[in-house]
Amino acid sequence: MSDQEVKTESRVFPPPAAFAANAAISGMDAYNALCAEAAADYEGFWAKLARENLHWHKPFTTVLDESQAPLYKWFDDGLLNVSYNCLDVNIQKGLGDKTAIIFEADGGDVTNVSYKELHAKVCQFANGLRSLGVKKGDRVVIYMPMSVEGVVAMQACARIGATHSVVFGGFSAKSLQERIVDVGATIVITADEQVRGGKQLPLKAIVDEALGLGDCEKVSKVIVYKRTGGNAPFNAERDLWMHDLVANQATECEPEWVNADHPLFILYTSGSTGKPKGVQHSSGGYLLWAMLTMKWTFDIKPSDVFWCTADIGWVTGHTYITYGPLAMGTTEIVFEGIPTFPNAGRFWDMIQKHKATIFYTAPTAIRSLIKAADGDANIHPNKYDLSSLRLLGSVGEPINPEAWMWYYKNIGGERCPIADTFWQTETGGHMITPLPGATPLVPGSCTLPLPGIMAAIVDETGADLPNGQGGILVVKRPWPSMIRTIWGDNERFKKSYFPEELGGKTYLAGDGAIRNKDTGYFTITGRIDDVLNVSGHRMGTMEIESALVANPLVAEAAVVGKPDDTTGEAICAFVVLKRSRPTGDEAKQIALELRNWVAKEIGPIAKPKEIRFGDNLPKTRSGKIMRRLLRVLAKGEEITQDISTLENPAILEQLKQAQ
Ligand code: 6R9
């Protein structure tokens, strides 16, 4: 968004008085007071919250250990267990019979699981894992559909101190194998199949394919949850059914008490260079922030029915499905399916049916549902009773003011505040977001940092920029739920997030941002590195380029993002083949082949929307691909920029035309 647009957005929506009256943080004075408390005594602020919110088996004595900065540690000599904090603590509070999870399957079947039942399932599975020799620090890869069992698998790992690494069920065998190898997994947990949009899709077969790609000798067992009973390969020596594993296990399981910085999980995410990064998260600091953001951002109350539509394969599913809501003793909805099946009214139908009070989704889903509602009055949200809702959330990418207004009016009935939550896999939880009972909302702005989050906008040298001037988004102090390292690569961690140019102690988010001159509100202007955001999913351009050039037909490829009405950004690939440039039907055919190839190499989410063929790519005299020019071409705009360093200007004309 340009500076101009930010300034002209004048609609302001103050928090509804009734909401503010009961909110955890009520009014801007309360917000400012918390910020002041953090500024006055940073460690004291966090220590107090960590003592108040978490159950410690052994209390911590140090708060923040900066001795190895930027490898920060929080509360590390304290011992705790994340699963104990999510389940046992709530049962002790008398919530044993409260519904923890309302699970709705793709086909509409609903299963309710109480805190007691969830506790029993987690303990049984944890005991089962222990019976296989899984112990503290072992890595377990989880490749599962959205299911109660997926949450159970994650919580069971946490219970015994095993570090889980969830791989989104849409990733290919190759992506799965790379993650299994990088993380050094000894166990893979999967399902026979997954069901999405009425279709049964393989999971176990993909796991087998992944393990067959090599270097996975460490994997001793594959545990399979029987979801469909469909035709999945089964290797009796290596594989075992989840139901057999848990059948005779006790429903109690002594938790493994771990140091606060013990890695709870490693989640892979795309970076600007090379292979995906294994973002390592802690136990104590991470859970603290998951809980605090549930309280502050979502104003969670005992009576809420919370629904985060993310998949457990992404960080949003970790923090706002598996950990945050459960740690708060919340009733939450877990949904197996997709927003458009059996029709694009599914979300609204489910909100109505389960009386959801808080709904948290991604702008890309909202935009596609706007289109669907415009096209079919029968599934327009006004056909449903959405009056149970009291708060809405948005995550994953900037929400454009038009989509914001539609969400506000049609879903929130002009009564529900919208929390536009800016955060990242690396941050563990929300960073910059409105507080629904305090912050006046401005469509398109994630407003202000949460208390204790020292976000700022600087230039390339790390110097603070005044409001109104766009720059680089940074966080100046470590915070409890921050990334601890990139699994197995401290140097890459330092280089990626704490670069020397910014002094080595400032967290570089990788996004650009601007603060409003008058309000100081933040607006995120998008990634400043070679990372694309497609439907809220992060994709590295390099990853896609590597996949393309791995195809025997391809000589060279450059990938850029282009704005897309629905997915936010779309992947546009410029490709040079080893043979002559194809045109017409042949070009279409090869483009289709390459799209499928990328789906196979990475996953369907990485498929380029558009592929253009050229005899060459625009390059500087020193041979560098000029991506800025490709971005302009992808948008279909005229090049008005300086092209004096371009060696082969004639190529631009050729690449202008979409196939
Ligand atoms: C939680 C999550 C992180 C990247 C981030 C930024 C973009 C996320 C946003 C947003 C504007 C928001 N992003 N939320 N941009 N407004 N409310 O999405 O994590 O998958 O790691 O993506 O997504 O570009 O850097 P992750």
Side-chain angles (χ1 to χ4, degrees), residues 1 6 166 168 170-171 265-272 276-281 286 289-290 293 297 308-321 323-324 360-367 392-401 403-404 407 418-434 439 441-450 453 455 470 472-475 481-483 486 496-497 507-514 521-541 543 561 563 567-569 605-606:
M1 196 180 282
V6 175
V166 183
F168 174 60
F171 275 118
F265 66 87
I266 294 158
L267 182 60
Y268 285 82
T269 190
S270 296
S272 49
K277 305 182 271 199
V279 173
Q280 179 179 321
H281 275 290
Y286 170 79
W289 199 229
T293 50
T297 311
C308 165
T309 68
D311 191 285
I312 52 166
W314 309 116
V315 73
T316 307
H318 282 58
T319 309
Y320 300 107
I321 295 178
Y323 293 114
Y360 188 35
T361 197
T364 187
I366 298 167
R367 287 192 296 264
L392 303 175
S394 171
V395 60
E397 53 181 316
I399 178 163
N400 48 308
W404 194 103
Y407 196 30
I418 298 177
D420 175 1
T421 61
F422 168 82
W423 60 296
Q424 309 173 297
T425 304
E426 294 86 344
T427 68
H430 304 154
M431 297 296 279
I432 309 180
T433 175
T439 321
L441 306 173
V442 172
S445 168
C446 54
T447 73
L448 296 168
L450 284 165
I453 301 300
I472 299 169
L473 180 64
V474 295
V475 186
S481 70
M482 67 191 293
I483 175 175
I486 292 175
S496 309
Y497 302 112
Y507 173 79
L508 175 71
D511 282 289
I514 184 166
Y521 278 12
F522 287 72
T523 292
I524 306 296
T525 49
R527 299 288 305 190
I528 51 168
D529 51 13
D530 288 325
V531 171
L532 306 181
N533 192 327
V534 183
S535 295
H537 298 151
R538 269 166 73 169
M539 300 296 326
T541 52
E543 267 175 277
T567 58
E569 257 185 315
I605 49 171

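As the structure is a prediction and not an experimental result, all values here were calculated from the model. Numbering of ligands and ligand atoms starts at 1, following listing order.
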Undergrad: Are the side chain of Glu397 and the backbone of Thr364 linked by a donor-acceptor contact shorter than 3.5 Å?
TA: yes
Undergrad: Starting from atom 2 (C) of ligand 1, what is the nearest protein heavy atom, named by residue and atom, and what distance separates them?
TA: Trp423 O, 3.7 Å
Undergrad: Which atoms of ligand 1 have any heavy atom of Ile524 under 4.0 Å away?
TA: 11 (C), 15 (N)
Undergrad: Starting from atom 21 (O) of ligand 1, find the nearest protein heavy-atom neighbour and note its residue, name and distance.
TA: Thr425 OG1, 2.5 Å
Undergrad: Below 4.0 Å, non-hydrogen atoms only: which portion of Pro398 touches ligand 1? Side chain, backbone, both or neither.
TA: both
Undergrad: With no hydrogens and no angle check, just 3.5 Å: does a side-chain donor-acceptor pair link Tyr286 and Thr319?
TA: yes
Undergrad: Which part of Thr421 is near ligand 1, with near meaning a heavy atom under 4.0 Å away: side chain, backbone, both or neither?
TA: backbone
Undergrad: Would you check if the side chain of Ser445 reaches a backbone N or O of Thr447 as a donor-acceptor pair within less than 3.5 Å?
TA: yes
Undergrad: Give the residue, atom name and distance (to 0.1 Å) of the protein heavy atom nearest atom 5 (C) of ligand 1.
TA: Asp511 OD2, 3.2 Å
Undergrad: How far is atom 9 (C) of ligand 1 from its nearest protein heavy atom, and which residue and atom name does that atom have?
TA: Glu397 N, 3.5 Å
Undergrad: In this structure, does ligand 1 have an atom that sits under 4.0 Å from one of the heavy atoms of Trp314?
TA: no
Undergrad: With distance as the sole criterion, is a donor-acceptor pair present between the side chains of Thr421 and Thr433 under 3.5 Å?
TA: no
Undergrad: Could you find the nearest protein heavy atom to atom 14 (N) of ligand 1 and give me its residue, atom name and distance?
TA: Gly396 N, 3.1 Å
Undergrad: So which heavy atom in the protein is nearest atom 22 (O) of ligand 1, and how far is it from that ligand atom?
TA: Arg538 CD, 3.1 Å
Undergrad: Can an N or O of Arg527 be found at a distance shorter than 3.5 Å from an N or O of ligand 1?
TA: yes
Undergrad: Considering only heavy atoms of Asn533, which atoms of ligand 1 have at least one such atom less than 4.0 Å away?
TA: 7 (C), 23 (O)
Undergrad: So is there a nitrogen or oxygen of Thr316 less than 3.5 Å from a nitrogen or oxygen in ligand 1?
TA: no
Undergrad: Going by an N to O cut-off under 4.0 Å, is there a salt bridge joining Glu569 and Arg538?
TA: no
Undergrad: Within the distance-only criterion (no hydrogens, no angle test), does the side chain of Thr425 pair as donor or acceptor with the backbone N or O of Val315 below 3.5 angstrom?
TA: no
Undergrad: Less than 6.0 angstrom separating the ring centers of His430 and Tyr320, yes or no?
TA: yes
Undergrad: Do the side chain of Thr427 and the main chain of Trp423 share a donor and acceptor less than 3.5 angstrom apart?
TA: no
Undergrad: What atoms in ligand 1 come closer than 4.0 Å to a heavy atom of Val395?
TA: 1 (C)
Undergrad: Check the side chains of Thr316 and Tyr360 for a donor-acceptor pair under 3.5 angstrom, ignoring hydrogens and angles.
TA: no
Undergrad: I'd like to check whether Asp420 has a polar contact with ligand 1, where a contact means an N/O of the residue lying under 3.5 Å from an N/O of the ligand.
TA: yes
Undergrad: Would you find a donor on one side and an acceptor on the other, under 3.5 Å apart, between the side chain of Asn533 and the backbone of Gly396?
TA: yes
